[in-house]
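Everything below concerns the one structure shown next.
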Amino acid sequence: MRTTSNPAFRNLPAGGGQQAGFGQPYGQPYGQQQYGAEQYGGYQGAPPVAGERPITIDDVVTKTAITLALTLVTGFISAWLVLSGQVAPFALMLPGLIIGLVVSLVIIFKRKPSAPLVLTYAAAEGVFLGGITGVFESFFPGIAWQAILGTFGVFGAMLVVYKTGAIRVTPRLTKWIIGATVGAAVLMLGNLVMGLFGVNMGLRDGGTLAIVFSLIVIGIAAFNFLLDFESANEMIRSGVPSKWAWWAAFGLMTTLVWLYLEILRLLSYLQSGD
């Protein structure tokens, strides 16, 4: 399996069966699945439970929809609380950020799918995103809906690109996306550290360079969806247990959160210049 820049997809168990993925034909029946010893990312997964059915595309779609719906609900409630003045933004943002970060690390290093943990992560991220969205919405009315529509638009576009094969996920493309993701992360971290010492690198000040950098980061996040789709597809083709659909949902959510925040930031740059 190709590697991925999303840590959520690096700990997947490999199965021996073949299931229908995005356009792939069905292979062995459920009862004939054989789970091999090799694991995705070099990790050893738990042995399969007798009678456990393999994952399907419906499992991935359903679990992702549930996770996303929970994030949206908690996000809308949090944003409403902030905009109505009932709760201070940081009272929601800080706990949501910390809980989301801790739970995501637990999910990644636990190396096993867990519906409660993934749903906890989704709820925490919703609270965090709702809090920060409420702040942006108070300064730029309407920006929240624009960011949400933009995020889903990019997600849908990249799904079409993947399914039609317009861009194929090759080892070379995978390495490029991972390198670009790491590079962007290093620049953002460097900008944060230099900012603490009063040095402005211009990457987050709303200027021309900041707009260009934000567009590049949005592009990188969009291409990460291709790796997420390919990783989920590998899970389906390999016939891993259906419970791993929660892991796929978690991986997709991390990219969605990143993309939404970057689009929200870009829109604030553009509207502040009006």
Closest heavy-atom contact between [X] and [Y]?
X: Asp59; Y: Pro54; result: OD2-O, 3.9 Å
X: Ile143; Y: Glu137; result: N-OE1, 3.3 Å
X: Gly131; Y: Ser78; result: N-CB, 4.0 Å

Can Phe225 and Leu259 be said to form a side chain to side chain contact (heavy atoms under 4.5 Å, CB included), step by step? CA-CA 10 Å; Phe225 279 127; Leu259 177 64; 3.5 Å; yes

Measure up the Phe223 and Trp176 rings against each other and bin them: parallel (under 30°), tilted (30 to 60°), perpendicular (over 60°).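 Phe223 and Trp176: perpendicular rings.
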
Quiz: residues 145-158 side-chain donor-acceptor pairs under 3.5 angstrom, not counting sequence neighbours:
{"unit_1": "Gln146", "atom_1": "OE1", "unit_2": "Gln271", "atom_2": "NE2", "d": "2.9"}
{"unit_1": "Thr151", "atom_1": "OG1", "unit_2": "Ala147", "atom_2": "O", "d": "2.8"}

Does any part of the side chain of [Y], heavy atoms only, come nearer than 4.5 Å to the side chain of [X], both counted from C-beta?
X: Ser104; Y: Phe250; value: yes
X: Ile220; Y: Trp258; value: yes
X: Asp228; Y: Thr254; value: no
X: Leu68; Y: Met253; value: yes
X: Phe128; Y: Ile98; value: no

What about [X] and [Y], same hydrophobic cluster or not, with Ile/Leu/Val/Met/Phe/Trp/Tyr joined at side-chain heavy-atom distances under 4.5 Å?
X: Leu261; Y: Met188; result: no
X: Leu266; Y: Met201; result: no
X: Ile218; Y: Val182; result: yes
X: Leu215; Y: Tyr260; result: yes

Can you tell me if [X] uses its side chain to pair, donor with acceptor, with the backbone of [Y] under 3.5 Å?
X: Thr71; Y: Ala122; value: yes
X: Thr164; Y: Val161; value: yes
X: Thr67; Y: Lys63; value: yes

Who passes side chain to side chain contact (heavy atoms under 4.5 Å, CB included) against Asp58, sequence neighbours left out?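 With neighbours one apart ignored, the set is Thr56.
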
Residue list, side chain to side chain contact (heavy atoms under 4.5 Å, CB included) with Val61, at least two apart or on another chain: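 Result, side chain to side chain contact (heavy atoms under 4.5 Å, CB included) vs Val61: Ile57.
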
Name every donor-acceptor pair, under 3.5 Å, that has one atom in a side chain of residues 82-96 and the other anywhere in the protein, sequence neighbours excluded.
{"unit_1": "Ser84", "atom_1": "OG", "unit_2": "Trp80", "atom_2": "O", "d": "2.8"}
{"unit_1": "Ser84", "atom_1": "OG", "unit_2": "Leu81", "atom_2": "O", "d": "3.2"}
{"unit_1": "Ser84", "atom_1": "OG", "unit_2": "Gln86", "atom_2": "NE2", "d": "3.2"}

Hey, could you give me each pair passing ring-ring contact (aromatic ring centres under 6.0 Å, His included) that has a residue in residues 192-214? Not counting sequence neighbours.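 Every candidate ring-ring contact (aromatic ring centres under 6.0 Å, His included) pair involving residues 192-214 fails, so no pair, neighbours aside, qualifies.
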
Can you tell me which residue pairs pass the side-chain hydrogen bond (donor to acceptor under 3.5 Å, both in side chains) test with a partner in residues 117-129, sequence neighbours excluded?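 Qualifying pairs, neighbours excluded: none.
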
With a 4.0 Å cut-off on N to O distance, would you call Arg237 and Glu230 a salt bridge?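 Salt bridge: yes.
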
Side chains of Asn224 and Thr255: donor-acceptor distance under 3.5 Å anywhere?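 There is no such pair between these side chains.
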
